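One structure below.
Residue numbers begin at 1 in each chain, while the letters A, B, ... track the order of the sequences. In this text the structure is predicted, and so the values were computed from the model without any measurement.
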There are 2 protein chains.
Amino acid sequence: MAAGIALADRDGIESISMRKLAQELGVEAMSIYTHVRNKDDLLDGMVDAVIGQIPTTADGAGGADGADGADSAADADWATTLRQMALAARAVILTHPWAPPVIESRTAPGPATLRHIDAVLSVLRKGGFTVAQTHHALHILGSRLLGFTQDLFDDSAGSSGALDPETAAGIVSELGATLPYIAEMALAVTHQGALGGCDDDAEFQFALDFILDGLAGLQNR
Amino acid sequence: MAAGIALADRDGIESISMRKLAQELGVEAMSIYTHVRNKDDLLDGMVDAVIGQIPTTADGAGGADGADGADSAADADWATTLRQMALAARAVILTHPWAPPVIESRTAPGPATLRHIDAVLSVLRKGGFTVAQTHHALHILGSRLLGFTQDLFDDSAGSSGALDPETAAGIVSELGATLPYIAEMALAVTHQGALGGCDDDAEFQFALDFILDGLAGLQNR
DNA sequence: ACCTGAACACCGTTCAAGT
DNA sequence: ACCTGAACACCGTTCAAGT
């Protein structure tokens with residue numbers, strides 16, 4: 001599993017084949033089948049190993065479970081804990097950029113993934129959410145709990161990629177006729193970030209905080 | 001493109017190969033390369049054709065652009081319009097269950113996708129959002145604008161799949177030891193839906209409304 | 001239990017050739 | 001412009017065989 005992760009980190013996910021991984025391990029392709037049912041099983045294992053790298057915030061609990069802390073102290077802190085967990089997950093996932101698409105294509109979660117989700121649920125339940133509210137929160141947070149969002153705009157005209165002001169202006173005037181609002185946003189985003197495109201880290205945190213704020217409101221209904 | 005979509009609808013995405021698609025078209029595999037640069041280009045085209053199937057809500061504008069409607073009327077309705085657009089997108093996407101993972105794996109949006117995003121931006125801007133707020137909203141909404149979320153829990157113990165009460169109870173007691181909160185949620189979800197698992201449509205709408213509510217708050221800051 | 005090597009049924013894509 | 005057929009360099013996975 002570790003060899004597979006290292007290979008994907010180095011050469012990208014498309015270079016993960018039984019033959020290439022075997023070569024990396026100094027072994028024949030078929031030997032891998034002793035340890036893994038098939039290629040899908042290999043990917044399952046790699047994904048679960050990656051998620052297992054996310055540090056566990058001490059059972060994922062909300063702080064004071066022991067001595068002096070009143071329940072209300074723990075209650076107030078579920079958002080902070082969740083935020084830390086999501087950012088910790090993101091730090092890990094950024095190390096394995098091939099992982100998000102592979103995670104999304106898995107059909108069943110592995111043991112490390114289940115443990116991680118259980119830790120998240122623990123924080124919400126101890127934070128005062130009902131079971132039903134916790135269920136909704138899980139759907140709302142989605143892949144953000146694992147530290148990523150699948151943005152549809154990676155290469156999109158208005159998102160990433162630095163441009164010099166002149167070519168940017170050219171593109172925008174071309175675009176403006178058919179896609180005026182994309183053009184407008186592309187221009188704004190290009191200017192704002194010192195021509196650096198959009199800051200994915202900042203957007204991730206903004207969206208995460210947006211959701212955590214909303215969840216706080218969910219509780220009091 | 002249409003043949004590719006039809007084949008994927010019928011036999012699943014893993015059965016999309018140049019050779020099989022060619023056979024479906026009564027032609028040799030290499031003939032397809034006259035119309036498409038390579039397989040990735042084929043998938044790009046299929047995805048963009050699917051997104052092109054989402055009905056356009058009359059320029060995606062916020063209702064009254066003509067006679068009597070004051071601007072404030074249009075302003076109040078951006079959330080309703082966005083909601084309709086997302087549900088329309090979802091109706092289309094449910095027809096092509098292979099599409100979400102393929103959409104997520106695209107690196108650049110096609111023309112139909114760009115038009116759709118532009119329509120969404122139009123609604124937000126006309127609804128009174130600043131360019132910066134609109135940009136944030138796009139990141140927050142993510143793939144929900146295209147009618148799907150990549151849930152991590154498709155097969156997960158507590159999500160889908162109907163179980164009879166006895167086996168459910170058995171699984172829960174096994175699970176309870178190591179994954180108490182997943183067990184708790186699995187049990188609750190199984191009971192609530194007449195043993196039917198979790199209602200993805202309802203969860204999608206709940207999460208969508210949750211976000212739209214939050215965006216309304218974003219405006220007044 | 002773990003590894004090997006040959007083989008099978010596939011892939012995407014090239015190239016030269018046809019109409 | 002569009003299609004063909006052979007070929008190349010790969011795949012995942014089987015099976016029988018070894019240690």
Side-chain angles (χ1 to χ4, degrees), chain A residues 1-50 52 96-111 113 154-155, chain B residues 1-50 52 96-111 113 154-155:
Chain A
M1 236 75 270
I5 292 173
L7 179 56
D9 286 349
R10 177 156 54 82
D11 295 346
I13 190 66
E14 70 284 356
S15 75
I16 292 284
S17 77
M18 301 309 262
R19 284 169 168 91
K20 282 182 193 154
L21 178 56
Q23 183 183 323
E24 211 73 15
L25 290 162
V27 105
E28 295 299 312
M30 283 312 300
S31 307
I32 299 177
Y33 284 84
T34 315
H35 308 94
V36 123
R37 189 152 30 212
N38 51 33
K39 192 183 177 178
D40 238 56
D41 200 30
L42 171 67
L43 293 173
D44 283 348
M46 286 170 58
V47 159
D48 208 51
V50 164
H96 310 290
W98 51 268
V102 183
I103 293 173
E104 300 287 18
S105 69
R106 298 304 89 197
T107 58
T113 308
D154 279 1
D155 265 299
Chain B
M1 237 77 268
I5 292 174
L7 179 56
D9 286 349
R10 176 155 54 82
D11 296 344
I13 191 65
E14 71 283 355
S15 74
I16 293 283
S17 78
M18 300 310 260
R19 283 167 167 92
K20 281 182 194 155
L21 178 57
Q23 183 182 324
E24 209 73 16
L25 289 162
V27 104
E28 295 299 314
M30 283 313 299
S31 307
I32 299 176
Y33 284 83
T34 315
H35 308 93
V36 123
R37 190 150 30 210
N38 50 35
K39 191 183 177 179
D40 238 57
D41 200 30
L42 171 68
L43 294 173
D44 283 348
M46 285 171 58
V47 159
D48 208 51
V50 165
H96 310 290
W98 51 270
V102 184
I103 292 173
E104 300 287 17
S105 68
R106 297 305 88 197
T107 56
T113 308
D154 279 1
D155 264 299

Length of the line joining B:Arg19:CZ and D:dG5:P, which is rounded to integer Å: 13 Å

B/S/- contact track for nucleotides 14-19 of chain C, protein heavy atom under 4.0 Å: BB----

Presence of B:His35 side-chain N/O under 4.0 Å of D:dA1 phosphate oxygens OP1/OP2: no

Pairs where residues 7-25 of chain A contributes a residue and the test salt bridge (charged side-chain N to carboxylate O under 4.0 Å, His left out) is met, not counting sequence neighbours: A:Arg10-A:Glu24

Sugar-phosphate, base or nothing in reach of B:Thr34, heavy atoms under 4.0 Å: base

Positions of residues 1-14 of chain A (non-hydrogen atom under 4.0 Å from DNA chain C), listed by number: none

Closest to side chain of B:Val27, choosing from D:dC3, C:dG12, C:dT4: D:dC3

Salt bridge (charged side-chain N to carboxylate O under 4.0 Å, His left out) against A:Asp48, all qualifying residues, sequence neighbours excluded: none

Touch class at under 4.0 angstrom, heavy-atom based, for A:Ser31 against every strand present: base

A:Met46 vs A:Ile16 side-chain heavy atoms within contact, under 4.5 Å: yes

Flag side-chain contact, heavy atom, 4.5 Å: A:Trp98 against A:Leu7: no

Base-paired stems in DNA chain C, each at least three Watson-Crick or G-U pairs under 3.5 Å: C:4-8 with D:12-16, C:12-16 with D:4-8

Nearest-angstrom distance from the residue atom CD1 of A:Ile32 to C1' of D:dT13: 12 Å

Salt bridge (charged side-chain N to carboxylate O under 4.0 Å, His left out) contacts touching residues 25-36 of chain A (sequence neighbours left out): none

B:Ser31 side, atom OG; B:Leu21 side, atom CG - distance, nearest 0.5 Å: 10.5 Å

A:Asp41 CG to A:Lys39 NZ distance, which is reported to the nearest 0.5 Å: 13.0 Å

Whole-Å gap separating P (D:dC10) and NZ (B:Lys39): 18 Å

Distance in Å, A:His35 NE2 paired with A:Leu42 CG, rounded so as to fall on 0.5 Å steps: 12.0 Å

Rounded distance [0.5 Å steps], CG in B:Asp44 versus OG1 in B:Thr113: 9.0 Å

Residue-phosphate contact under 4.0 Å: A:Lys20 side-chain N/O, D:dC11 OP1/OP2: yes

Whole angstrom value for the distance that separates P of D:dT13 from CG of A:Asp40: 8 Å

Gap separating the CD1 atom of B:Ile13 from the OG atom of B:Ser105, nearest 0.5 angstrom: 8.5 Å

Euclidean distance, atom CE of residue A:Met18 to atom C1' of C:dG5 [Å, nearest integer]: 16 Å

